[in-house]
J.: 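Quick one: the structure is below, and I'll ask about it shortly.
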Amino acid sequence: MIETQISNLVSRRAGKDSLTGSAPCSHIQRLSSFAPSSSQGLLSVLVATALAWGGMPMSISHAASADVAVQTATEQTPAPQHPVTLEEYLRLVVRNQPALAAEQLQVNLARADSRTARAFPNPSIAVSRKPGEREWSVQQPLPIFGQRSARIEQARKGETTAAEHARAAVATTLDEAAQAFNELLVAQRRLLIWQEASQELDKAGRIVRGQIDAGARSRYDGARLSLQQARMAMEVSKAGAAVQEAGARVAAQAALPVWVPRAEGSLQAGPTPKANDFDRLWETTSAQLASLRSAQADLDQARHKVELARREAIPTPSIGVTRVTNRFDGNYTQLGISVEIPLFDRQRGAIDHAGVEADQARLRRDAALLSAQSGLRTALQQLALRHANVVAYEREGLAQIAPLRQMAQDAYQLGRGGILDLIDALESITEHRIEHLDLVKDLLDAEWQLRVASGNLPDIQP
């Protein structure tokens, strides 16, 4: 009768594990080597259990599934042929970055831990024989003091922590990618400025050569102009090399090394931040900033680990059923319960260790909170300052560029200025445009840093 019940139990367990993919019990594999030849019923139970639990075919299936998951995670989005905006580029980076795909797999590992935590302890079967007596027994641990529920909750918090760490990794990657994109955008604009300056110099060159041909100017002006044109060609070449270098960094961030990217975006100043923006932004920043969410998830998991350590310190009882066949006493069944006595080791070290880890996580969360507040204040201040610099420079500096160019050309044609005055005026115009572009680059970086500090990043997942 007991062998029949064990067979039914094994059949039910085999049906359950065929869905979950559990590995066969190692106790059964070891006991089958020394089971008595007369215990055919028990051997059939062991063999049926081993076959039902799958063994190697299930492992091969899991390996194939893992290969498919990795292959899916590493599929890349092809390089676009058109100019990309910042949002399009960031989406491309997140989808193509292998490091982010690997970080996302940490969530799958946490889910696997949750699956392990939900499983009940495996029973153990023992078989023995001596002259005149045969004996077999089954023992089942019973985590009745909340150990299993504490493990499940800890695993769930591990899933949350892994997801928040993956989200923080995405935020870090977006920050680096956006900075590279802004570098390319500004480098493209700088190249355009130098090209326009070269065209303006060529227009001035036609005026100079006309003056030389008319006999109003000496050949010195032509030689000085040719030297300036050679220098301008060198600046254009340097600006083109800077564009290529910035484009290579952008392509590397997107994991597309052969891509030649072109950035598209505005270089205009956005709205001026207000003094009371900190309180308004902090309400959303404290809830959505990736670094804070990650630190809070670590703290929640560390605190629950203390509770898990306390639960694990409680001994887990095991209930056992033993069937004895004796030549003289006949057949009989024994029931028993065994439990560890926490006499010497009460797991105080593990509990204290978990408590210290919780204290560390709390301090790291507090440090992340202070860093986030300081970063948001600094980002707001820097954005306001750089915005004011750009507006003031545009109002006082760039407004004089067109009149200065026209006055320099008129003065040269009328004989009131020399070639050096004309070249100096054109150089000054180019320098002012480059200085303005540098201020705009600082403003773009400040605007992005405010988005990073406030957690206002695109919601893009690998």
Side-chain angles (χ1 to χ4, degrees), residues 6 9-10 12-13 16-17 20-31 53 106-126 128 136-166 292-322 334-369:
I6 295 175
L9 175 62
V10 170
R12 289 195 301 270
R13 179 60 185 269
K16 179 180 179 181
D17 289 338
T20 60
S22 300
C25 181
S26 58
H27 294 289
I28 296 177
Q29 293 177 342
R30 291 196 297 268
L31 290 173
W53 281 350
Q106 292 292 331
V107 180
N108 297 341
L109 292 178
R111 291 172 183 167
D113 293 339
S114 294
R115 184 177 178 180
T116 301
R118 288 192 298 268
F120 283 94
N122 288 326
S124 59
I125 300 177
S128 63
W136 61 266
S137 62
V138 179
Q139 266 199 336
Q140 174 64 53
L142 299 176
I144 60 176
F145 298 110
Q147 292 94 335
R148 180 173 175 270
S149 60
R151 293 169 194 159
I152 293 175
E153 183 63 23
Q154 182 71 7
R156 288 175 179 170
K157 291 185 179 297
E159 289 186 40
T160 303
T161 301
E164 294 301 334
H165 284 179
L292 292 182
R293 291 169 62 98
S294 177
Q296 185 62 47
D298 287 334
L299 177 58
D300 294 341
Q301 187 180 16
R303 284 175 173 172
H304 190 269
K305 189 176 180 181
V306 178
E307 176 62 22
L308 176 61
R310 293 194 180 108
R311 295 287 182 178
E312 295 287 5
I314 302 175
T316 301
S318 297
I319 184 171
V321 179
T322 303
Q334 294 179 342
L335 300 176
I337 297 178
S338 62
V339 64
E340 176 188 354
I341 301 177
L343 185 60
F344 302 109
D345 184 9
R346 299 183 179 181
Q347 302 295 323
R348 292 302 307 172
I351 297 175
D352 294 343
H353 189 277
V356 173
E357 288 182 341
D359 292 338
Q360 288 180 329
R362 177 179 55 80
L363 293 174
R364 293 192 183 101
R365 192 279 312 271
D366 294 343
L369 188 64

J.: If you count the non-hydrogen atoms of other residues, nucleotides and ligands that lie under 6.0 Å from CZ in Arg148, is the total more than 12?
T.: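 Result for CZ/Arg148: enclosed.
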J.: Looking only at heavy atoms, which two atoms of Val138 and Pro123 are closest? And how far apart?
T.: CG1-CB, 4.4 Å
J.: Could you list the residues that satisfy salt bridge (Lys or Arg N to Asp or Glu O under 4.0 Å) with Arg293, not counting sequence neighbours?
T.: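 Salt bridge (Lys or Arg N to Asp or Glu O under 4.0 Å) check on Arg293 returns Glu164.
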J.: Rounded to the nearest 0.5 Å, how far apart are CG of Leu292 and CZ of Arg365?
T.: 9.0 Å
J.: Kindly compute the distance separating CZ (Arg156) from CD (Gln301), expressed to the nearest 0.5 Å.
T.: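 The CD atom of Gln301 is 14.0 Å from CZ of Arg156, to the nearest 0.5 Å.
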J.: Please report the shortest heavy-atom distance between Ala166 and Val107, naming the atom on each side.
T.: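 Ala166 and Val107 have their closest heavy atoms at CB-CG2, 4.5 Å.
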J.: Return the CG to CD1 distance between Asp113 and Ile152, rounded to the nearest 0.5 Å.
T.: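 It is 13.0 Å, given to the nearest 0.5 Å.
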J.: Quick one: salt bridge (Lys or Arg N to Asp or Glu O under 4.0 Å) partners of Arg151, sequence neighbours excluded?
T.: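 Arg151 satisfies salt bridge (Lys or Arg N to Asp or Glu O under 4.0 Å) with Glu312 once adjacent residues are dropped.
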J.: Sort out for me which residue in Arg311, His304, Glu307 forms a side-chain hydrogen bond (donor to acceptor under 3.5 Å, both in side chains) with Gln154.
T.: His304
J.: Identify the heavy atoms of Pro141 and Ser318 that sit nearest to each other, and give their distance.
T.: CA-OG, 3.5 Å
J.: With heavy-atom distances below 4.5 Å as the criterion, would you say the side chains of Lys157 and Arg303 are in contact?
T.: no
J.: What's the shortest heavy-atom distance between Ser137 and Thr322, and which atoms?
T.: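 Here Ser137 and Thr322 meet closest at CB-OG1, 3.3 Å.
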J.: Regarding Asn108 and Gln106, do their side chains bring together a donor and an acceptor under 3.5 Å, going by distance alone?
T.: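 No, no side-chain donor-acceptor pair sits under 3.5 Å.
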J.: Do Asp366 and Arg362 have side chains that get closer than 4.5 Å, going by heavy atoms?
T.: yes
J.: So, using side chain to side chain donor-acceptor pair (under 3.5 Å) as the criterion, who are the partners of Glu153 when residues are at least two apart?
T.: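 Glu153 satisfies side chain to side chain donor-acceptor pair (under 3.5 Å) with no residue once adjacent residues are dropped.
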J.: What's the separation between atom OG1 in Thr161 and atom CG in Leu299, rounded to the nearest 0.5 Å?
T.: 9.5 Å
J.: Under the side chain to side chain donor-acceptor pair (under 3.5 Å) rule, collect the residues that match up with His165, sequence neighbours excluded.
T.: Ser294, Asp298
J.: Suppose we screen for side chain to side chain donor-acceptor pair (under 3.5 Å). Which residues come up paired with Arg310, at least two apart in sequence or across chains?
T.: none
J.: Do side-chain atoms of Gln147 reach the backbone of Ile314 as a donor and acceptor pair under 3.5 angstrom?
T.: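 Confirmed, Gln147 side chain pairs with Ile314 backbone.
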J.: Give, for atom CD1 of Ile337 and atom CD of Gln139, the distance between the pair rounded to the nearest 0.5 Å.
T.: 10.5 Å
J.: Looking at every non-hydrogen atom in both residues, tell me the closest pair between Pro317 and Ile144 and how far apart they are.
T.: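 Looking at all heavy atoms of both residues, the shortest contact is CG-CD1, 4.0 Å.
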J.: How would you list, by chain and number, every residue that makes a side chain to side chain donor-acceptor pair (under 3.5 Å) with Lys305, sequence neighbours excluded?
T.: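 Residues passing side chain to side chain donor-acceptor pair (under 3.5 Å) with Lys305: Glu357.
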J.: How far apart are the closest heavy atoms of Val339 and Pro315, and which atoms are they?
T.: CG2-CB, 3.6 Å
